[in-house]
Number of protein chains: 2
Amino acid sequence: MARPKKNVACMGDAPLTKAECILVAARQVFLEAGYAAASMDAVAARANVSKATIYAHFENKRSLFEAVISGRCEETFANIGVPEDYTDARQALTHLAEHFLGLLLAPEALAIHRVVLGESPRLPEVGEAFYAAGPVRAHRLIDHLLMDLTRRGLLAVPDQEIPIAGDLFLAMLKCDLHTRALLLLPPSKYSIQMIAKVAVDMFLARYGVKG
Amino acid sequence: MARPKKNVACMGDAPLTKAECILVAARQVFLEAGYAAASMDAVAARANVSKATIYAHFENKRSLFEAVISGRCEETFANIGVPEDYTDARQALTHLAEHFLGLLLAPEALAIHRVVLGESPRLPEVGEAFYAAGPVRAHRLIDHLLMDLTRRGLLAVPDQEIPIAGDLFLAMLKCDLHTRALLLLPPSKYSIQMIAKVAVDMFLARYGVKG
DNA sequence: GTCTATATACGGATAGAC
DNA sequence: GTCTATCCGTATATAGAC
């Protein structure tokens with residue numbers, strides 16, 4: 001059964017099952033406190049259920065955490081969009097850059113990033129799920145775009161070089177902006193638009209077609 | 001007094017005080033287990049002292065952790081070297097790139113990175129110390145190099161653009177290599193040398209002087 | 001300063017009623 | 001499936017002897 005019961009305390013526009021309430025509460029607690037410092041009591045309290053109910057739905061703390069993180073990775077990074085039908089490489093790259101950076105700097109994406117990195121030595125499967133849902137997807141996207149632009153004569157990236165060129169392009173976007181955001185330091189003076197522009201300039205200087 | 005007592009169990013080439021033994025042990029425990037999951041018992045056991053001794057030297061777990069991390073950030077990132085007297089921009093940038101990447105991928109640097117990011121929401125001072133010891137230092141270095149190369153006519157980075165150009169250059173170097181290393185995934189097919197070469201190519205395409 | 005022993009609390013997980 | 005109540009290990013931190 002997919003939705004066995006409703007829980008009044010968790011009802012919004014779409015009523016949630018108990019298991020869903022627990023997942024929502026667990027997500028908040030884990031992302032705020034980190035895995036080790038999060039307690040099942042805190043999750044139970046925030047979900048308005050008893051601890052025993054949590055253990056009826058999830059085997060233990062670890063598997064609850066894994067369910068939260070892999071589910072949330074998917075949702076958070078599902079929205080990476082593909083630019084379509086651009087006639088200009090600069091426009092396409094800039095669009096992807098700004099979109100990508102916006103996703104990366106969203107508070108919840110940052111929180112997931114922190115907790116996954118922090119726990120990856122103890123929970124390698126969580127690290128793998130994160131990597132598959134985020135970086136792998138992003139790299140597929142940029143590779144596809146670079147290949148398409150090159151095929152249409154708007155860009156000149158050698159076939160063999162596409163993966164590494166795409167990798168460096170995405171890496172440039174993160175830069176100090178991402179580091180500072182992860183550390184919760186006040187943002188630097190450079191905006192997303194500014195970073196995207198300078199990164200695209202550098203990329204096109206190397207791989208652009210002479211116009 | 002700087003070195004009040006020696007501890008036989010910790011003696012190596014340079015004898016360590018009890019406080020130093022505790023710091024060494026704490027570093028290992030914190031970097032392996034993470035802050036929350038690390039226990040003062042484990043630190044005491046590894047340092048061959050009693051828990052009470054730890055509390056005689058450090059106020060509590062948190063301040064012990066802060067002492068470990070800020071001290072270790074300094075040591076780990078102190079070795080960022082400045083290339084000197086290069087007559088070729090490519091050579092200077094490649095040298096810095098490979099050196100920088102080597103430091104970043106050292107297992108202990110990665111472990112510090114993980115635990116600092118994971119705990120930064122609860123311990124902002126630790127995040128700040130890390131940022132000052134690592135990224136700030138690296139950016140000062142690359143900025144200085146770019147300025148010098150430009151002044152000597154070997155590079156053409158506009159003055160105002162130096163900080164952001166340096167930022168993007170360092171960011172390129174990390175790329176997927178760093179992400180995978182942080183997540184403890186098997187390394188990708190691209191070597192440090194390969195990444196450095198392609199990054200320098202891209203940087204020079206934009207900011208190199210016509211030769 | 002350093003130890004042993006302990007106070008005190010909390011966390012993960014379960015028993016058993018309903 | 002859900003609850004209340006509880007077991008039991010472990011964690012931070014301290015007391016008090018030496």
Side-chain angles (χ1 to χ4, degrees), chain A residues 1-11 15-69 115 118-119 122-123 126, chain B residues 1-11 15-26 28-30 32-68 115 119 122-123 126:
Chain A
M1 47 181 165
R3 330 190 98 251
K5 276 190 185 172
K6 313 299 170 63
N7 182 336
V8 177
C10 289
M11 270 182 26
L16 299 178
T17 65
K18 276 248 153 78
E20 288 166 333
C21 285
I22 293 169
L23 279 171
V24 170
R27 181 176 80 223
Q28 296 172 357
V29 172
F30 281 130
L31 292 187
E32 278 171 24
Y35 174 69
S39 78
M40 299 297 265
D41 290 274
V43 174
R46 189 152 336 183
N48 283 328
V49 297
S50 72
K51 257 196 301 186
T53 301
I54 300 180
Y55 283 98
H57 289 269
F58 299 91
E59 192 183 344
N60 51 29
K61 182 182 178 180
R62 177 179 171 141
S63 72
L64 175 58
F65 181 68
E66 288 174 354
V68 164
I69 295 298
V115 71
E119 292 304 322
R122 268 87 52 197
L123 303 173
V126 172
Chain B
M1 49 180 165
R3 331 189 97 250
K5 276 191 182 168
K6 315 297 170 61
N7 182 334
V8 177
C10 288
M11 271 182 25
L16 299 178
T17 65
K18 275 248 154 79
E20 288 166 333
C21 286
I22 293 169
L23 279 171
V24 170
Q28 297 172 356
V29 172
F30 281 130
E32 278 171 24
Y35 174 69
S39 78
M40 299 297 264
D41 290 272
V43 175
R46 189 154 333 185
N48 282 330
V49 296
S50 72
K51 258 195 298 185
T53 301
I54 300 180
Y55 282 98
H57 289 270
F58 299 91
E59 193 183 341
N60 50 32
K61 181 181 177 180
R62 176 179 170 144
S63 72
L64 174 60
F65 181 68
E66 289 174 353
V68 164
V115 69
E119 292 304 321
R122 269 85 55 195
L123 302 172
V126 172

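The figures that follow rest on heavy atoms only: side chains count, while hydrogens, waters and symmetry mates do not. In what follows, every chain begins at residue 1, and chains take the letters A, B, ... in the order their sequences are listed.
- Residue A/Ala36 is out of contact with every strand shown, counting any heavy-atom pair closer than 4.0 Å.
- Evaluation of the side chain to side chain contact (heavy atoms under 4.5 Å, CB included) rule for B/Val115 yields B/Leu31, B/Phe65, B/Ile69 as partners, not counting sequence neighbours.
- Between B/Leu64 and B/Leu23, the shortest heavy-atom distance links the atoms CD1-CD2, 4.2 Å.
- In this structure, B/Phe58 places its CZ atom 14 Å from C1' of C/dG1, rounding to the nearest Å.
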Give me the distances for all protein-to-nucleotides 8-10 of chain D N/O pairs that come in under 3.5 Å?
none

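- Using a 4.0 Å cut-off, no side-chain N or O of A/Ser50 falls inside it from OP1 or OP2 of D/dT2.
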| note | With sugar-phosphate taken as primed atoms, P, OP1 and OP2 and all else as base, the protein-contact string of nucleotides 13-18 of chain C at under 4.0 Å (heavy atoms; B, S, -) is BBB---
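- Across the protein-nucleic acid pair, B/Asn48 atom CG and C/dG1 atom C1' stand 16 Å apart, rounded to whole Å.
- Counting only residues at least two apart or on different chains, the salt bridge (charged side-chain N to carboxylate O under 4.0 Å, His left out) pairs with a member in residues 26-43 of chain A are A/Arg27-A/Glu108, A/Glu32-A/Arg46, A/Asp41-A/Lys51.
- Evaluation of the salt bridge (Lys or Arg N to Asp or Glu O under 4.0 Å) rule for B/Arg122 yields B/Glu119 as partners, not counting sequence neighbours.
- Atom pair A/Phe65:CZ and C/dG11:C1' shows a separation of 17 Å (rounding to whole Å applied).
- For the pair A/Lys18 (side chain) and A/Ala47 (backbone), a donor-acceptor distance under 3.5 Å is absent.
- For A/Ala37, the side chain to side chain contact (heavy atoms under 4.5 Å, CB included) partners are A/Ala33, B/Ala36, not counting sequence neighbours.
- Contact annotation for B/Ala44: no contact, since no heavy-atom pair falls under 4.0 Å across all strands.
- Nearest heavy-atom pair across B/Ala38 and B/Val29 is CB-CG1, 3.6 Å.
- Heavy-atom minimum distance, B/Leu16 versus B/Cys21: CB-SG, 4.0 Å.
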